[in-house]
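Accompanying notes for the structure given below.
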Protein chains: 2
Amino acid sequence: MQPDLLLNAIAKHISLTQDEQQQLIAVLAFKKVKKKQFLYQEGDISKQAIFVSKGCLRSYSIDKNGFEHILQFAPAGWWISDMRSIITQQPGTLYIDAVDESEIILIQKTDLEKLYTAVPKLERFFRILAENSLATYQHRLIDNLSLSALERYNNFCVRYPSLIENLPQKQVAAYIGVTPEFLSKMLNKIPAKK
Amino acid sequence: MQPDLLLNAIAKHISLTQDEQQQLIAVLAFKKVKKKQFLYQEGDISKQAIFVSKGCLRSYSIDKNGFEHILQFAPAGWWISDMRSIITQQPGTLYIDAVDESEIILIQKTDLEKLYTAVPKLERFFRILAENSLATYQHRLIDNLSLSALERYNNFCVRYPSLIENLPQKQVAAYIGVTPEFLSKMLNKIPAKK
DNA sequence: AATAAAACTTAATCAAGATTAAGTTTTATC
DNA sequence: GATAAAACTTAATCTTGATTAAGTTTTATT
């Protein structure tokens, strides 16, 4: 239960003094979550940013027919939240739960806002984080608009090789946007061509 | 050719002193663009952020079959760029052109980076801008994974009523992710039910 | 080890939306 | 105002991927 991974992730973009690091550490909360344990459910108002230090979380929505659509997997070193709910402080539409036994670090929105003023470098870090994340979602959207199911699957394998090995196939299906049945059929056709 | 709209957009989130405003204005470049004029094409390295003060721009990709997929429309008051290219300074994959006769304000990436340090409030503004934008793309992605073509069309009408009136149908089709033929068919079926 | 619960597979049928190919209407351009 | 170009429509046919419904294998739980 240490903040090393988080501090390293931050250090990749900005460098904090000892004192600044302490100010950050002072507001962190550490938590263990069991596999399948929920952190948020639809309707909850998100009050905190979540950093995954071990294991893997995911965020997803459930549509009117009861089907899950996965927005994000967050393995160790990644951030995850219901961004819209955290910004607007309105009830969210996403579920967040643990794919594996995990350890997470929480920062309250209110603490984060104080930190932005006390340590402007942290505001820079979160600007960079949001911009990178934005670029990633933009390209995933383009991919969803322009690629076939098999191409999206292949992209997933290339981009997240470590996830592919650990995730049940049905979760990959819910991420790339096909039914588990279709993904199974597609993979067992010995894909000769993309 | 004045920065009023841009200053107002910023003032919605942070308040700048006269001096800070001047520092910002000093690095702005104003430009008129004709309808259909390109600002970026695939392969260009993006060096600047674009703010639309009049008219409307769009960003899109062209897939291997030559079909356009529209990532964003940017009417007056909105920002637009090839985010990934601006961040990585690698050749981009998007095209940006003018949907209508437009006026834009440009800020060089290098100037913006200096401004973040000189005027930390601007870094805050762009953090907020990126976070809001991120939340919007996350929800568009969920919509694309979970809604039918007609539901996505109806969402578009509700969210962008002013765009619907001015855009050719085929551009709306390229945004929601259907062929122009299918959108036409869908709309002429007198949609009784969604 | 036994049992239940997930996860995966297979196959038949179905539907949303793509493709192809005209033809028609609207909008720009000279 | 004529003409070309772009946008829109319609319809037939085709394809990707969804749905339904078993059955099988793997993984958890007691």
Side-chain angles (χ1 to χ4, degrees), chain A residues 34-37 55-56 58 60 62-70 73 97-101 143-157 163-194, chain B residues 34-37 55-56 58 60 62-70 73 97-101 143-157 163-194:
Chain A
K34 294 211 195 74
K35 195 167 173 169
K36 289 186 188 172
Q37 188 182 329
C56 185
R58 63 174 183 149
Y60 59 101
I62 298 182
D63 70 24
K64 60 176 186 296
N65 303 313
F67 293 108
E68 293 179 3
H69 303 280
I70 298 178
F73 291 109
D97 68 13
V99 172
D100 294 317
E101 196 88 1
D143 283 358
N144 275 271
L145 291 172
S146 50
L147 303 180
S148 70
L150 185 54
E151 288 169 325
R152 276 177 276 138
Y153 177 80
N154 288 333
N155 274 182
F156 187 92
C157 296
L163 285 177
I164 265 291
E165 293 167 2
N166 298 313
L167 287 173
Q169 231 176 69
K170 63 174 289 200
Q171 303 232 28
V172 178
Y175 182 96
I176 64 172
V178 293
T179 57
E181 292 83 0
F182 184 72
L183 179 55
S184 171
K185 176 174 146 192
M186 199 164 74
L187 296 179
N188 288 85
K189 260 191 186 170
I190 316 125
K193 270 247 121 171
K194 65 156 190 171
Chain B
K34 293 209 196 75
K35 195 167 173 166
K36 290 186 187 174
Q37 188 182 329
C56 186
R58 64 173 182 148
Y60 59 99
I62 299 183
D63 71 23
K64 61 178 185 295
N65 303 312
F67 292 108
E68 292 180 5
H69 303 280
I70 298 178
F73 291 109
D97 67 15
V99 172
D100 294 317
E101 196 89 1
D143 283 358
N144 274 271
L145 290 173
S146 50
L147 303 179
S148 69
L150 185 54
E151 288 169 324
R152 276 177 275 139
Y153 177 80
N154 288 334
N155 274 184
F156 186 92
C157 295
L163 285 178
I164 265 290
E165 294 166 2
N166 298 314
L167 287 174
Q169 232 177 68
K170 62 173 290 200
Q171 303 231 27
V172 178
Y175 181 97
I176 65 173
V178 293
T179 57
E181 292 84 359
F182 184 72
L183 180 55
S184 171
K185 175 174 146 191
M186 199 163 74
L187 296 180
N188 289 84
K189 260 191 189 171
I190 315 125
K193 271 248 115 171
K194 66 158 186 167

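Protein chains get the first letters and strands the later ones, always in sequence-line order, with residue 1 at the start of each.
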Pairwise 5' ranking along DNA chain C for Ala149(B) and Lys170(A), keeping only the more 5' one
Lys170(A)
Using atom [atom1] of [X] as one end and atom [atom2] of [N] as the other, report the distance to the nearest whole Å.
{"X": "Phe182(B)", "N": "dT20(C)", "atom1": "CZ", "atom2": "P", "result": "17 Å"}
{"X": "Leu147(B)", "N": "dA16(C)", "atom1": "CG", "atom2": "C1'", "result": "14 Å"}
{"X": "Phe67(A)", "N": "dG17(D)", "atom1": "CZ", "atom2": "P", "result": "17 Å"}
{"X": "Asn188(A)", "N": "dA11(C)", "atom1": "CG", "atom2": "C1'", "result": "13 Å"}
{"X": "Leu183(A)", "N": "dT16(D)", "atom1": "CG", "atom2": "C1'", "result": "14 Å"}
{"X": "Asn65(A)", "N": "dA16(C)", "atom1": "CG", "atom2": "P", "result": "12 Å"}
{"X": "Lys185(A)", "N": "dT16(D)", "atom1": "NZ", "atom2": "C1'", "result": "8 Å"}
{"X": "Met186(A)", "N": "dA11(C)", "atom1": "CE", "atom2": "C1'", "result": "18 Å"}

Taking Ser148(B)'s backbone N and O only, do any of them form a donor-acceptor pair with Glu151(B)'s side chain (distance below 3.5 Å, no angle check)?
yes
Parallel, tilted or perpendicular: ring planes of Phe73(B) versus Phe156(B), cut at 30 and 60 degrees
perpendicular
Could you go through nucleotides 23-29 of chain C and list every protein N or O atom that sits under 3.5 Å from one of its N or O atoms, giving the distance for each pair?
none

Of the listed nucleotides [options], the one nearest the side chain of [X]:
{"X": "Pro168(A)", "options": "dC8(C), dG17(C), dG17(D)", "value": "dC8(C)"}
{"X": "Val178(B)", "options": "dG17(D), dT10(D), dA18(C)", "value": "dA18(C)"}
{"X": "Glu181(B)", "options": "dC8(C), dA11(D), dG17(D)", "value": "dA11(D)"}
{"X": "Gln169(A)", "options": "dA18(C), dC8(D), dT9(C)", "value": "dT9(C)"}
{"X": "Arg152(A)", "options": "dA6(D), dG17(D), dT9(C)", "value": "dG17(D)"}

From [atom1] ([X]) to [atom2] ([Y]), nearest 0.5 Å:
{"X": "Arg152(A)", "Y": "Leu183(A)", "atom1": "CZ", "atom2": "CG", "result": "10.5 Å"}
{"X": "Leu167(A)", "Y": "Asp100(A)", "atom1": "CG", "atom2": "CG", "result": "7.5 Å"}
{"X": "Leu187(B)", "Y": "Leu150(B)", "atom1": "CG", "atom2": "CG", "result": "8.0 Å"}

Considering every strand shown, what is the Watson-Crick or G-U wobble mate of dT3(D) when both distances are under 3.5 Å?
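The base-pairing partner of dT3(D), which may sit in any strand shown, is dA28(C).
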Considering Watson-Crick and G-U wobble pairs with both distances under 3.5 Å, what does dG23(C) pair with?
dC8(D)
Evaluate side chain to side chain contact (heavy atoms under 4.5 Å, CB included) for Leu163(B) paired with Cys56(B), printing each intermediate quantity in order.
CA-CA 9 Å; Leu163(B) 285 178; Cys56(B) 186; 4.1 Å; yes
Got a salt bridge between Lys36(A) and Asp97(A), using NZ or NE/NH1/NH2 to carboxylate O under 4.0 Å?
no
Measuring to OP1 and OP2 of dA18(C), would you say a side-chain N or O of Thr179(B) lies under 4.0 angstrom away?
yes
